[in-house]
Structure formats: structure tokens, C-alpha cells
Amino acid sequence: MARVVVLDYGSGNLRSAERALRRVGADVEVTSDRHAAQECDGLVVPGVGAFAAVMAGVDSVGGQPIIERRLAGGRPVLGICVGMQVLFERGIEHGVETPGCGQWPGTVSRLDAAIVPHMGWNTVRAPEGSVLFDGLDADTRFYFVHSYAAREWDLVPEPPMPEPLVTWATHGGDFVAAAENGPLAATQFHPEKSGDAGAHLLTNWLKALG
């Protein structure tokens, strides 16, 4: 049974993430303990609300160095919703720029859509070879609720680093719906609110923990 820590920094979707992971067979602990977060098989960084507030919470429990050390050792991390957004270099909300964790280059900004927030079920376009979306049909829908996203993907790896696998969705314009980059993966949608489709994706992630 995979040991998973949901990083507790005060986010509102901690318990729903915990329940979803337990549903698919993970041994889950919700904690801010740095040792537990460092030594578990997989670390989940959830997030709802504003980019700046989530970054402040992550920093309050030493989340950035935990993420950095895990990735340096090839240990898996999964970001969810704003927990994905803060993996980028910066977020801009209401004209205020906030530095992110900087694991990926790029900026999280307001969706270019007539109706915001983007709330409800939507399909995604996953690339060939995706681990997260393995076994899921192209018409599978996931649950989104957000007003901001990464609308470009700026990371161009140099050989021998493999090309990241980027999944896209559309609301007004295209935005990054998920990304898989070595041990670092993330989804803009909420797998914990996406029913059987979300459970399938989380199962795929758990299997990849080894």
C-alpha cells in the first residue's frame, strides 16, 4: 500500500483529497510534518482559493524546500488545482504578482473567457504516453472550478531530459489542464471531485509510485 501525505497548510480541500486517495487504496496521512512529507511514497499538494494565499500557506510549513528535496531525489509530487498553479514561477491576480515555487517557468493568469470562473465538467486533450490518463477515453470529463490557469507552456527541456507531457483543456482559450514532468505531476481540475474518472487518474498515479 502506497504511503501518501497530503500536505496540510490549511487548504480547504485537504479532507476531500484524503478521502479520494483512501478510496483508491492509499495509506493517507494529512500532516505538515516535514519528515513525513519528505519520506512518504507520494506527496499531494492540494489547493483552493487565491494563488497568493496558497503560496503563503505552503511557505508557512516549509513546503517549497520539501517539494524541492523530493524532486531532487526523484520522489513523486502531485499538485491539485491551485496546488498545481503554485508550481509555476508566478501568479498574477487583480494586478498583483506573487512568486510561485518556480518548478516550471511561466505565469498563472486570468482565463481569457466570457464566463469566469470555469466551473463544471470538461474534457481534456491528453498526450500519447500519459501515465495519469492511461485507460481513460478522450471524452472523459473532469470537474473544474477556477478563474486562473497557466495558458502557455514554456518549459523546453534540454537533452537528455525527456519532453514533459502536457494536457490541455479549453474554456474561452486553451489552458494547461495537467502536466507530467518526471516525478512532478499536477492537475488543474479536481480529481477528488471527478467521480470515477478522478479515481481512475489517482489510481494511475499511485501505481506509478512503485
Side-chain angles (χ1 to χ4, degrees), residues 7 9-13 32 34 37-38 42-113 116-118 124-127 130 132 144-191 205:
L7 186 64
Y9 62 90
S11 175
N13 62 332
S32 59
R34 298 186 186 191
Q38 189 62 48
L43 176 68
V44 175
V45 182
V48 292
F51 187 106
V54 169
M55 270 308 305
V58 169
D59 284 339
S60 73
V61 297
Q64 286 200 65
I66 290 171
I67 292 169
E68 289 168 1
R69 284 197 295 269
R70 285 190 62 86
L71 296 177
R75 311 202 74 182
V77 175
L78 176 67
I80 296 175
C81 196
V82 188
M84 170 182 178
Q85 294 177 8
V86 296
L87 296 172
F88 288 88
E89 280 182 326
R90 68 187 69 84
I92 298 177
E93 294 184 356
H94 308 296
V96 177
E97 182 174 318
T98 302
C101 293
Q103 293 299 324
W104 292 322
T107 301
V108 172
S109 59
R110 187 174 173 85
L111 292 169
D112 184 15
V116 175
H118 173 215
V124 302
R125 303 188 301 280
S130 167
L132 293 180
F144 290 84
V145 52
H146 62 118
S147 299
Y148 297 82
R151 296 191 284 131
E152 296 180 354
W153 181 261
D154 297 327
L155 178 61
V156 180
E158 297 182 4
M161 295 296 292
E163 192 77 24
L165 299 176
V166 182
T167 295
W168 297 87
T170 302
H171 181 71
D174 287 346
F175 64 89
V176 178
E180 299 162 71
N181 181 208
L184 182 59
T187 66
Q188 177 60 67
F189 56 84
H190 288 274
W205 182 69

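Note that the coordinates shown come from a computational prediction; the quantities given were computed from them, not determined experimentally.
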Quiz item: Step by step, would you call E93 with V96 a side chain to side chain contact (heavy atoms under 4.5 Å, CB included)?
Solution: CA-CA 5 Å; E93 294 184 356; V96 177; 5.8 Å; no

How far apart are the closest heavy atoms of [X] and [Y], and which atoms are they?
X	Y	answer
Q38	R70	O-NH1, 3.0 Å
F51	T98	CE2-O, 3.4 Å
L87	A186	CD1-CB, 3.9 Å
A37	I66	CB-CG2, 3.9 Å
C81	V145	SG-O, 4.0 Å
P46	L7	CD-O, 3.9 Å

Exercise. Please report the C-alpha distance between W168 and V124 in whole Å, then the side-chain angles of each, then the deciding distance to 0.1 Å, and finally whether the side chain to side chain contact (heavy atoms under 4.5 Å, CB included) criterion is met.
Key: CA-CA 6 Å; W168 297 87; V124 302; over 6 Å; no

What distance separates [X] [atom1] from [Y] [atom2], expressed to the nearest 0.5 Å?
X	Y	atom1	atom2	value
Q188	H118	CD	NE2	9.5 Å
Q64	Q103	CD	CD	8.5 Å
D154	F88	CG	CZ	8.5 Å
N181	W104	CG	CH2	6.0 Å
S109	R90	OG	CZ	10.5 Å
M84	L78	CE	CG	10.0 Å

Quiz item: More than 12 heavy atoms of other residues, nucleotides or ligands under 6.0 Å from CD of E68: is that the case?
Solution: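 Yes, the 6.0 Å shell around CD holds more than 12 heavy atoms from other groups.
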
Practice problem: Could you give me the CA-CA distance, side-chain angles and deciding distance for H146 and L111, then say whether side chain to side chain contact (heavy atoms under 4.5 Å, CB included) is met? | Solution: CA-CA 9 Å; H146 62 118; L111 292 169; 3.7 Å; yes

Exercise. Give the C-alpha distance, both sets of side-chain angles, the deciding distance and a yes or no for side chain to side chain contact (heavy atoms under 4.5 Å, CB included) between R151 and V176.
Key: CA-CA 6 Å; R151 296 191 284 131; V176 178; over 6 Å; no

Is any side-chain heavy atom of [X] less than 4.5 Å from a side-chain heavy atom of [Y]?
X	Y	value
V45	V77	yes
S11	V48	yes
E180	L132	yes

Quiz item: Between R125 and T170, do the side chains contain an N or O donor and an N or O acceptor separated by less than 3.5 Å?
Solution: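 Checked: R125/T170 side chains pair up, N/O donor to acceptor below 3.5 Å.
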
Self-check item: ring pair (Phe, Tyr, Trp, His ring centres under 6.0 Å) partner of F175, chosen from F144, W153, F189
Solution: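 Running ring pair (Phe, Tyr, Trp, His ring centres under 6.0 Å) over F144, W153, F189 with F175 returns exactly one hit, F144.
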
Quiz item: Hey, what's the ring geometry for H94 with Y148, parallel, tilted or perpendicular (30° and 60° as the breaks)?
Solution: perpendicular

Practice problem: Could you tell me whether a side-chain N or O of N13 sits under 3.5 Å from a main-chain N or O of G47, the two making a donor and an acceptor? | Solution: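 A pair under 3.5 Å: yes.
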
Self-check item: Of C101, P105, P99, the residue whose pairing with E89 passes side-chain contact (heavy atoms from CB on, under 4.5 Å)
Solution: P105

